[in-house]
Amino acid sequence: MENRFKGNIKKENSSNSIIDNLLIGGIRIISFSVIIIFILILGKIFYEGIGVINWNFLTGIPKSDISKGGIGPAIFGTMAVSIIMLILAVPVGIFSAIYISEFAKDTFWLRLIRASVNSLAGVPSIVIGLFGFGFFVLFIGKSIDNILQTGMLFGQPAIIWASATLAVLVLPTIIVTTTEALNSIPLTFRQASLGLGASKWQTIRYIILPQARPGILTGVILALSRSIGETAPIMFLGCAFFLPNLPLAYLDLSFVQIPIINPADQFMHLAYHIFILATQSSNPTLTAPFQYGTTLVLVLITLLLNLTAIIFRFRFRKIIEVVNRNQ
Amino acid sequence: MKEVKIKIKNLSVYFNYIQALNDVSLEIFENKVTCLIGPSGCGKTSLLRSLNRMNDMIYGFRMKGEVLIDDIDIYDKDIDVVNLRRLVGMVFQQSNLFPKSIYDNLIFAPKILGVKDKSELEEIAEKVCTQTSIWDEVKDRLNESALNLSAGQQQRLCIARALTVNPDILLMDEPSSSLDPVSTSKIEDLLFDLKRNYTILIVTHNMQQAARVSDYTAYLYLGQLVEYDKTTKIFTNPANKQTEDFLTGRFG
Ligand SMILES: Nc1ncnc2c1ncn2[C@@H]1O[C@H](COP(=O)(O)OP(=O)(O)OP(=O)(O)O)[C@@H](O)[C@H]1O
Ligand SMILES: [Mg+2]
């Protein structure tokens with residue numbers, strides 16, 4: 001009998017492997033170039049920026065000449081805006097996602113909600129910024145002022161409106177990632193829980209949300225890191241060029257004064273500060289190191305957040321794998 | 001004395017365009033073990049799941065007919081499905097333990113029912129595990145993930161978990177499909193114990209098991225009830241030729 005293996009299964013006689021190798025090689029080069037671009041950008045920023053970074057730079061107050069002093073208020077402002085943004089966006093995003101994945105039947109309305117979320121994700125951030133100014137400051141803020149007779153307290157750009165606008169910007173990210181996390185929890189757990197006499201809400205609260213938590217956190221962190229890098233949406237919303245005082249108010253408890261973020265104040269912001277350093281400087285050679293330093297701080301914060309997100313995603317995938325192995 | 005616990009009247013079940021059950025009428029007796037047998041896809045699971053309304057959540061589900069438990073129509077508009085499921089417990093065809101610890105799986109339902117006392121929860125956990133003869137295997141690893149257990153242990157833990165709510169009726173969908181002979185016979189002993197307090201419906205592909213454990217047997221084929229009678233009658237002298245063919249393996 002003829003031996004069909006002989007001369008057939010060796011690599012050198014096969015055209016499969018040549019084409020495969022070429023293609024795989026090409027793909028490998030392309031993917032490596034991404035890494036190289038990433039390293040180049042990061043390396044340049046690191047190299048130019050590391051020199052100015054010290055305790056004074058990180059915590060100090062900017063001097064009127066922007067080539068001196070620190071970026072403390074910009075770091076603080078970024079954090080303040082982000083925290084309030086999360087307080088606004090996370091509950092809305094998570095509850096919307098719960099509604100979409102657990103309650104809405106596959107109807108016209110669900111499709112409409114999905115389409116809106118997806119379209120919202122594609123709106124350019126500058127448009128969101130203009131919307132935020134028009135809707136939150138001019139409409140909501142002014143209306144509150146009119147009703148409460150507070151003059152010009154709410155109807156002007158401020159942290160709260162910047163946060164609200166950023167919340168609108170990141171809402172699609174949070175909704176989509178949370179919906180996916182919820183949908184990836186197998187039907188069998190819902191059945192097990194309902195079959196044991198748990199109500200729908202108890203099933204969501206005690207079975208589905210705990211399992212989806214790492215996935216949801218990943219989405220929240222990605223949303224946060226995206227919002228931190230945005231300049232366009234906050235430009236009209238109280239982001240200040242130069243503001244040495246921190247946007248704080250004091251909660252007076254007579255024996256002690258507790259500082260809290262003042263949501264009606266204006267603020268400095270890292271991304272916007274970079275923009276100012278790059279465009280408003282009278283002496284670019286002097287301000288360049290500060291620009292790189294500020295950029296480095298921003299990039300490191302974003303990287304740190306993304307790294308956290310990756311760790312959460314890894315944990316989430318492990319949970320899902322264990323679950324699937326047992327199906 | 002023989003009381004009817006569940007009355008199924010002209011039940012038809014559809015999933016979109018597939019008809020899973022066709023005009024099934026059946027009376028299930030209290031404190032008896034009733035066995036559902038029939039070839040794969042004949043509607044055993046569908047029938048079981050219409051008794052605790054687990055089909056409700058399947059997309060495209062429709063039904064005709066009535067299901068009465070203790071003479072109450074469970075598909076009535078003012079039935080609280082959550083309370084119904086507490087009284088009609090279910091062990092699913094595939095084990096579906098939560099990716100939590102063994103102990104958390106066991107106390108999930110009691111906690112939801114409002115049991116807060118720690119010693120009471122521990123008592124429930126130990127009791128149901130002893131009933132399902134899995135206590136010795138899990139007592140030292142209660143805080144380990146339930147998914148680390150072997151398939152057979154998982155299945156017995158699922159049964160134990162179903163008992164934690166102390167239901168009236170117990171639906172078991174192939175509860176011993178991945179069990180060794182020893183655990184299978186332990187489960188069968190358990191059924192004898194349980195039927196004093198519960199009404200049990202069990203699906204099995206194992207004919208010897210059906211003959212051993214059940215008082216009544218229903219043979220389903222293509223969504224229809226072919227024959228339903230005392231198990232001794234069905235296995236010794238079936239009225240229907242189809243049933244006989246199925247039982248003797250001359251089926252298909
Ligand atoms: N979720 C579902 N969606 C659509 N059709 C379904 C669904 N579940 C069951 N069916 C259909 O209903 C019919 C009966 O299925 P069922 O699961 O009740 O069979 P079974 O007797 O339990 O089979 P097995 O012994 O393999 O478990 C089958 O034709 C099946 O394809
Ligand atoms: Mg089945």
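In what follows, every chain begins at residue 1, and chains take the letters A, B, ... in the order their sequences are listed.
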For the residue pair [X] and [Y], establish whether any side-chain heavy-atom pair is separated by less than 4.5 Å.
X: A/Leu194; Y: B/Arg85; value: yes
X: B/Met57; Y: A/Leu187; value: yes
X: B/Leu97; Y: A/Phe189; value: no

Inspect the surroundings of [atom1] in [X] and state if more than 12 heavy atoms from other residues, nucleotides or ligands are less than 6.0 Å away.
X: B/Arg141; atom1: CZ; result: yes
X: A/Phe38; atom1: CZ; result: no
X: B/Tyr75; atom1: OH; result: yes
X: B/Lys139; atom1: NZ; result: yes
X: A/Phe95; atom1: CZ; result: no

(message) I need the residue from B/Arg161, B/Lys100, B/Met90, B/Arg53 with the largest number of non-hydrogen atom pairs under 4.5 Å to chain A.
(response) B/Arg161
(request) Give the intermediate values and the outcome of side-chain contact (heavy atoms from CB on, under 4.5 Å) for residues A/Thr188 and B/Phe92. (result) CA-CA 9 Å; A/Thr188 53; B/Phe92 290 79; over 6 Å; no
Engaged part of [X] at the chain A interface, taking heavy atoms whose separation is under 4.5 Å:
X: B/Arg49; value: side chain
X: B/Leu113; value: neither
X: B/Lys111; value: neither
X: B/Phe98; value: both

(request) Heavy atoms only: give me the nearest B/Val165-A/Leu196 pair and the separation to one decimal. (result) CG1-O, 3.6 Å
(message) For the CD atom of A/Gln191 and the CD1 atom of B/Ile58, what is their distance to the nearest 0.5 Å?
(response) 6.5 Å
(message) Measuring from atom CD1 of B/Ile112 to atom CD1 of A/Ile207, what distance do you get when rounded to the nearest 0.5 angstrom?
(response) 7.0 Å
(request) Could I get the full list of side-chain contact (heavy atoms from CB on, under 4.5 Å) partners for A/Ile37, not counting sequence neighbours? (result) A/Ile41
